[in-house]
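In what follows, every heavy atom counts, from backbone to side chain, and hydrogens, waters and symmetry copies are set aside. Residue numbers start from 1 in every chain, and the chains themselves are labelled A, B, ... in the order their sequence lines are given, proteins ahead of strands.
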Amino acid sequence: MKTMTDMQIKEILDIVKTGRVLTDESDRFSYSFDASFGTYLPDAVIQTKSVEELAGLVKYANLENIPVYPRGQSTSLSGGPLPVKGGMVIDLSVMNDLLEIDEEDMVAVVSPGVLTADIHKAAEAKGLMYPPDPSSSHVSTIGGNLAENSGGPRGLKYGVTKDYVIGLEVITPQGEIIRTGGRTVKNVTGYDLTKLIVGSEGTLGIITKAILRLIPKPPASETVMAVFDSLVDAGRAISRILTSGILPAKMELMDQASMVAVENYRPSGLPTDAEALILIELDGHPMAVRDEAEQVSQVCRQIGAREVRVPQTKEEKEEVWKARKLVSPAIVKVKPTKISEDATVPRSKIPEMCHRLQEIKEKYKIDLVVFGHVGDGNLHPNIIADKSDKAEMLRVEKAVAEIFEAAVQLGGTLSGEHGIGTMKAPFMEMELGAVGLDMMKRIKQAWDPQNIMNPGKIFPEPGQKLVLSE
Amino acid sequence: MSDHLAALRTELNYEKTNKCVQCGYCLPACPTYLTMGKETHSPRGRINLVKMAGEGRIKDLSVLEEPLDLCLGCRACETVCPTGVEYGAILESARAAITRRKKFSVPANAFRNTLFKKVFPSRKAMNLIGNAMWLYEKTGVQKLARKSGLTEKLPAHLGEFEKIMPAAVSPWERSRLPKFTGAKGEKKYSVAFFVGCVMDAMFSKINRLSVQLLSEVGCDVIVVENQTCCGALHAHAGEREEGKKLAKQNILAFEQAEVDFIVNNAGGCGAMMAEYNHLLADEPEWADRARQFSSKSKDISQVLALCGGVKGQERPTDRVTYQPSCHMTNVQKVTADPVQLIKNLPNVELVEMKEANMCCGSAGIYNIVHYDASMEILDHKMKQVKDTQTTTIVTTNPGCLLQMKLGIERANLSGRMRAVHLVEYLAERCSDSQVTNISKTD
């Protein structure tokens, strides 16, 4: 059933003069999904590079009560861009023309459709770095990263997207264009609307431009790889490294199940009889990173690592990291459906969370693999299942709920970097409490009283439950 | 699930669409997503459309027609896919399902039938085309047509293609490749040469040079009778059954020869033949023989490299760029050998173009059927070519070769740049006097 009338479609055709309005069935189906679950048909998909036209469109949607769904390239793992209530999808990936690096102010000024990886490249060409590095950065748009407040492996040392945004241009749900923050790192004028918008998952407005803070690119990096016979030892090594005065850029863990999966998929010489492998990247001055790599190696050996290796050449380093990248594709070889969670706990609780995950795995008899950015507590418990197996999917639903409970009980959070979207909305109250959640709802109501911006996200509908068994 | 839907799922290869996790990693690799700018023309979008049809959410298969038609079939998405989705198989089965349900207009149907069932597979018909081209050129009709502007009025932009057609070879020159050409020096392998339909009719000179190069590096070269078109154009257009027929004929023909390799010089044909094993997997009496055939099928660059490469001679310096054939890269996975062969030539500098692995827009007969879409892709490609500041574009497939020639015309680079097949280029720079007598093809 369509939400929009033919008259309304005609109106938006009048508003969008320079862009395209897609209404064919093939087009509507092609904007009905993201990398999470579910298919929801929009009535129209709008592509335009004009901020004014977009503002006009939102103004009209607000008058007519039409849902508006901003979208980048739909790599979201939480349902952020899904048009769950129909209406319009705004494809912002076409707004990709602006990418300026200002070396003096050390900022990048970008339009929302620019790919995150292109910002990395442009900054690096001038000796600078934009640190947030979600693994989908060669496909994901910066607009999507901003809306979801994306993280990535480098979050351990450098923080996440919100730590690098100092200014925004935003279309409000009333169709006005506002600017928040600016080009200075220090700015305490009024409420920090920039930070409010970043991570609001498109529920408060459409980001049409952003000013990002850049830092000098570290001149060198070293990688340390350590193999442990016990997962607990690996956990201890991680804590010891993090309390030894060294802050690695990345710290990744692969458990036995993920190593086995990789070896079955594309043999890479991983020690499948070991319980855990950790990969540590250190960046900074060449002398400093060499010294730190030595210290890290020593810590690992003291804890009882059975093998510690510091790859020397660029090729060797790439080889080591490649195996880590293969985990995601490797595990879906086992079964086709992957439920990728990103529950995150304080660093001190990493071993306990690992333990809880093992219990959940056994209790519900599910295929659960743990790998991820272990240094910042952002474990990625991935459940591998078969969507067509109803009974299994019901067990998965329960297991997912219990993973969330465990994370919250340990002082952590539902989502470290993927966002709430549709999938985690039912668990919001568990983490925030009724009043906490209500305060957020009040902000949403104040910004968007008609509830036209990305409706159906973040806040649970009455009685909403996690449903994976379609 | 109804029986009807279950049958449709089998027909569409629905199971294979479930492997797609919709991560979007294929988007940056897809030429049509880049130029057409919507998800509908991306691999992820197309797979989703097939999936939706398999789930009965899209009832009318004609909804899928345009998005699938406009796919180049370059399969660059398969190379970047982290979960190994078999896009090519999904595309072909969906296209076949659409073709089956489609009522072509009578003339269109007749044209398709003639083209796919009579022209490509028939040596005689392809010879005729070759002869007509030669006559057309030599009799001065070409000049006249060009002068009068007649070629500009040809339908479907055929006028533009006319400019780039290779110099035709007279029928008696083209007639036949020798049935046997012995290896020069020590014999390393014995190979059967795959002639191809388009290569034979339009690029018979490249075929001749291929045989000479193979013999030069130490191969006995056999040209077997009764070989036919590889069937790629059929399979890609949804004429799968016709493709199977041709595959079987080739298997039969090449089984007669006891050789180490079956060598082709066209990336598209090579890819098709490398997949005969998939094509005939569910026909018990053919599956094994197809597997054998596919494992023996090699691109000429692989065999030349295996034999130690060709010896280049000191020649004037040249800067070249290489446009890989998509089907060689993404299906045959042959990427290093052509590059190495070029790099080994003295005084030749190979400059890699940006986005080299992006399709040129030729894609079989895509550039004729979807002219505008193809030209947009080609113009994007030519920007990258121009940036290399080279004078020669080396290709490994007849379609790419013609398309690059067309690109040179469109970018107003003719006279300053040329496009050649790898075999031509190697022969041109090769030391042996027998192979050096090469004039440019244009």
Next on the checklist: Report which part of B:K38 has an atom under 4.5 Å of a heavy atom belonging to chain A: side chain, backbone, both, or neither.
Outcome noted: both
Next on the checklist: Using a 4.5 angstrom heavy-atom cutoff, name the option from A:E25, A:K338, A:Q47 with the most pairs to chain B.
Outcome noted: A:E25
Item to check | Residue A:S388 versus chain B: region with a heavy atom under 4.5 Å | outcome: neither
Checklist entry - Who wins among A:T75, A:V45, A:D27 for the most heavy-atom pairs under 4.5 Å with chain B? => result A:D27
Checklist outcome for this item: Closest heavy-atom pair, B:Q22 versus A:D34, reported as atoms and distance to 0.1 Å, is OE1-O, 3.1 Å
Checklist entry - Between the side chain of A:Y31 and the main-chain N/O of B:E39, is any donor-acceptor distance below 3.5 Å? => result yes
Item to check | Closest non-hydrogen atom pair, B:G24 against A:V139 | outcome: O-CG1, 3.0 Å
Next on the checklist: Evaluate B:Y33 against A:Q73 for side chain to side chain contact (heavy atoms under 4.5 Å, CB included), listing each step before the verdict.
Outcome noted: CA-CA 11 Å; B:Y33 179 69; A:Q73 294 213 97; 2.4 Å; yes
Next on the checklist: Counting heavy-atom pairs under 4.5 Å with chain A, which one of B:R46, B:H41, B:R44 comes out on top?
Outcome noted: B:R44
Next on the checklist: Can you confirm whether B:K354 is buried at NZ, in the sense that more than 12 heavy atoms of other residues, nucleotides or ligands lie under 6.0 Å from that atom?
Outcome noted: no
Item to check | Interatomic spacing from OG in A:S135 to OH in B:Y25 - rounded to 0.5 Å | outcome: 4.0 Å
Checklist entry - What part of A:R71 gets closer than 4.5 Å to chain B, counting heavy atoms only: side chain, backbone, both or neither? => result side chain
Checklist entry - Which heavy atom of B:P67 sits nearest a heavy atom of A:S26, and at what distance? => result CG-CB, 4.0 Å
Checklist entry - Which one of B:D60, B:V63, B:L64 has the most heavy-atom pairs closer than 4.5 Å to chain A? => result B:V63
Item to check | Enclosure of B:K386 NZ (heavy-atom neighbours >12, cutoff 6.0 Å) | outcome: no
Next on the checklist: Can you tell me which portion of A:S93 sits under 4.5 Å from chain B's heavy atoms? Options are side chain, backbone, both or neither.
Outcome noted: side chain
Item to check | Contacting moiety of B:I58, where chain A heavy atoms sit under 4.5 Å | outcome: both
Next on the checklist: According to salt bridge (charged side-chain N to carboxylate O under 4.0 Å, His left out), who are the partners of A:D389, at least two apart in sequence or on a separate chain?
Outcome noted: none
Checklist entry - Quick check: does any side chain N or O of B:N48 sit under 3.5 Å from a backbone N or O of A:F29, one acting as donor and the other as acceptor? => result yes
Checklist outcome for this item: Heavy-atom closest pair (B:G37 atom, A:R20 atom, distance to 0.1 Å) is O-NH2, 3.2 Å
Next on the checklist: Within this structure, what is the CG-OG1 distance for the pair B:N18 and A:T337, rounded to the nearest 0.5 Å?
Outcome noted: 7.0 Å
Checklist entry - If you count the non-hydrogen atoms of other residues, nucleotides and ligands that lie under 6.0 Å from CG in B:D282, is the total more than 12? => result yes
Checklist entry - CD1/B:I47 to OG/A:S30 distance, rounded to the nearest 0.5 angstrom? => result 11.5 Å
Checklist outcome for this item: Turns out that what part of A:L22 lies under 4.5 Å from chain B's heavy atoms comes down to side chain
Checklist entry - Checking heavy atoms, do the side chain of A:S137, its backbone, both or neither come under 4.5 Å from chain B? => result neither
Checklist outcome for this item: One should read off an interatomic distance between A:S136 OG and B:L27 CG, to the nearest 0.5 angstrom, of 11.0 Å
